[in-house]
K.L.:
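One structure, pasted below without further comment.
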Amino acid sequence: MSRARIFRGIGASPGVALGRVFILDRRSVRVRRYHVRPDQIDYEIDRLQTAINKSVEQLESIRGNFVGDGHDHQSILEAHGMMLRDHALFAEATDLIRNDLLNAEWAIRRVISRLRALFDKVSDSYFKERRGDIDFVGDRILRNLVGQVADIADIDMLDDGTVVVAHDLSPVDAALLSRQRVTAFVTEIGGKTSHTSIVARSLEVPAVVGVKGILDSAGSGDGIVVDGLDGTVMLRPSRAQLDRGRIRSDLYHQASLEMLEAKALPARTLDGYDVTVAGNIELPTEITNVLNRGGEAIGLYRTEFLFLGRSIPPGEEDHYRTYCHLFDEVGGRQVTVRTLDLGGEKIFGPMVAELEPNPALGLRAIRYCLRNPEVFEAQISGLLRAAVHGNLRIMLPMISCITEFRQALAFIDEVKEKLQRDGREFDHDVPVGIMIEVPSAVMTADILAREAAFFSIGTNDLLQYLLAIDRTNERVNYLYNPLQPAVLRTLRMITEAAANAKIPVSVCGEMAGQVTHVPIFLALGIQQLSMNAGSIPRLKRMVRELRRDECQALLLDALQCETFTEVGDMVRQFVHAKTSFTSSMLRQDSQ
Ligand code: PEP
Ligand code: MG
């Protein structure tokens, strides 16, 4: 048995889990290359044919269901299907099996390499990009040859105590895995605000991301302790390490239970300032978690997760029914539904990532919706109709300038006119607000505030764009710090613009759920903080232990600081002096 090893990464979701490793290796398949005997030729050709047929079927089933707008991904899937069915591919690989006695994997890999080299030589950039398609097709055939799952939905039910260890998980992978009994996640790449981390937090399972090299050492079935509090992972732990892990896990559960006891008390400061503490959800099933932990509203419903596991975009009725169900569950509380934030790192179902050379700066969120009016219209109609049954606010993501916002408002007006013409019942006055997550929106916040019903600050993206750090890249994660002086100044600009225009401001990025930042938010006059359900009780308690006037004095001092270390020290000292939160309680969010 190999020795115990400790890895360090980024604590992405709090808690400590003990379990067994399940390797989910979605990197390129490693295949064995060997020569076959002449009497094995037919068998090998048969294997190849079966793998190709299976690949064609898989693509058909993805594509067959998908009849949305997506001309681009439709045509890409179609192109992949054509490559697979192309007899030349099969014939060339068969020749290699027959004449050079290569096994099927080796033969197909050689054909794919030759094709790739051919595409490389072409100077036309369109053809160069198609090189990725060849790899995709080759990868699918190889996975089918070696019997490795190509899509996460194909995994059988996992056992209790399973810790998924992967190079990377897309948001879809993470959410699909959430239907399984996963005890913790560990990934080699990713940052605190990447979607794997967000999903792990909302599922309340511990996660550590950015754990370099773990796949080289871990094997399925190995024992593992995942400490999401301090970002460590112990592989094949000793008995003493296991005992320590168990104690830390119990202490964490104990502390969480204590916080829960006071969950129903309002988040009111000692000097009488009220903050609404709301929950972020990806799936309607998470509402119960939010309400059970004392959440007073839904501050962010990430509706792009409606695409999960579907191969056709949701239609108007899907939207309508989902939102009506939501209103039933929340019983009159306010629900802020964010319109589809597709694209960027949130690639779902039939969307094809390779189409975007720079996804975070590409056709995502409101840009995607305005370019795909039928997808957007289905959602807006569903929302306006459902709003009759609840307390809804519509929130538009990634607005970067007033022109874009006005375009979206005009679109919403057109949908209203259509509903009116068709004699359908809908709410004419749903407030429409925007997420502030692009620096250009900050710089023009005064202009936007005149027409927006509210602002909600999406700090995950705002920090990404403001500090130029890819939110999914663990190598630049050290710069991700919400207490950067640049972030404080930015937040102040936003809240000042909102106060002047007398519109409410919320924060719904991950920063909102971190107790250390509460004094800053109170000082800035944020009215609503929206976060993963697990953070709600401790955040409410932090608000209750502070005075807003003292926080305002702190902010004035913090704004004089030059570095995030100075700001961090100042805020932590303040919190220690004023509240009952201990260092280890603060560490849960200071990773
Ligand atoms: C954000 O960017 O802060 C946010 C809340 O949206 P998302 O994390 O879904 O991009
Ligand atoms: Mg965002």
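Note that ligands are numbered from 1 as they come in the structure, with each ligand's atoms numbered from 1 the same way.
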K.L.:
Report the distance from atom CG of L479 to atom CG of L463, rounding to the nearest 0.5 Å.
P.N.:
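Nearest 0.5 Å value for the CG-CG distance: 10.5 Å.
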K.L.:
Between R367 and D341, does the salt bridge (charged side-chain N to carboxylate O under 4.0 Å, His left out) criterion hold? Intermediate values first, please.
P.N.:
CA-CA 9 Å; R367 307 166 185 184; D341 186 5; over 6 Å; no
K.L.:
So, 4.0 Å and heavy atoms of R471: is ligand 1 close enough to count as a contact?
P.N.:
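Per 4.0 Å heavy-atom rule, R471 contacts ligand 1.
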K.L.:
Would you sort out whether E317 and R385 count as a salt bridge (charged side-chain N to carboxylate O under 4.0 Å, His left out), showing the intermediate values?
P.N.:
CA-CA 10 Å; E317 285 309 310; R385 286 174 50 214; 3.0 Å; yes
K.L.:
So which N/O/S atom does D461 have closest to the Mg ion (ligand 2)?
P.N.:
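It is OD2 of D461.
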K.L.:
For L462, which part has a heavy atom under 4.0 Å from ligand 1: side chain, backbone, both, or neither?
P.N.:
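L462 to ligand 1: no contact under 4.0 Å from either part.
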K.L.:
Of the side chain and backbone of D341, name the one, both, or neither that has a heavy atom under 4.0 Å from an atom of ligand 1.
P.N.:
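Side chain only.
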K.L.:
Does the Lys NZ or Arg CZ of R393 fall within the cation-pi geometry relative to F454 - under 6.0 Å from the ring centre and within 45° of the axis?
P.N.:
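Yes.
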K.L.:
Using 0.5 Å steps for rounding, measure from the OG1 atom of T444 to the CZ atom of R450.
P.N.:
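One gets 10.0 Å once the value is rounded to the nearest 0.5 Å.
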K.L.:
What atoms in ligand 1 come closer than 4.0 Å to a heavy atom of G509?
P.N.:
3 (O), 5 (C)
K.L.:
Check for me whether M511 has a heavy atom closer than 4.0 Å to any atom of ligand 1.
P.N.:
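Not so, M511 does not reach ligand 1.
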K.L.:
For L300, counting its heavy atoms only, list the atoms of ligand 1 lying under 4.0 Å from any of them.
P.N.:
5 (C)
K.L.:
With a 4.0 Å cut-off, would you call E204 and R293 a salt bridge?
P.N.:
yes
K.L.:
Please could you name the atoms of ligand 1 that R302 approaches to less than 4.0 Å, counting only its heavy atoms?
P.N.:
4 (C), 5 (C), 6 (O), 7 (P), 8 (O), 9 (O)
K.L.:
So which of the N, O or S atoms of E437 lies nearest the Mg ion (ligand 2)?
P.N.:
OE1
K.L.:
Could you state the interatomic distance from OG (S506) to CZ (F521), rounded to the nearest 0.5 Å?
P.N.:
11.0 Å
K.L.:
Which of the atoms of ligand 1 are close to C508, meaning less than 4.0 Å from one of its heavy atoms?
P.N.:
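Those qualifying, in numeric order: 5 (C).
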K.L.:
Which bit of M435 gets closer than 4.0 Å to ligand 1, counting heavy atoms only: side chain, backbone, both or neither?
P.N.:
side chain
K.L.:
Step by step, work out the salt bridge (charged side-chain N to carboxylate O under 4.0 Å, His left out) result for E282 and R302.
P.N.:
CA-CA 5 Å; E282 279 80 44; R302 293 182 160 100; 2.7 Å; yes
K.L.:
Side chain, backbone, both or neither: which applies to M531 and ligand 1 if a contact is any heavy-atom pair less than 4.0 Å apart?
P.N.:
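For M531, there is no contact with ligand 1 at all, from either part.
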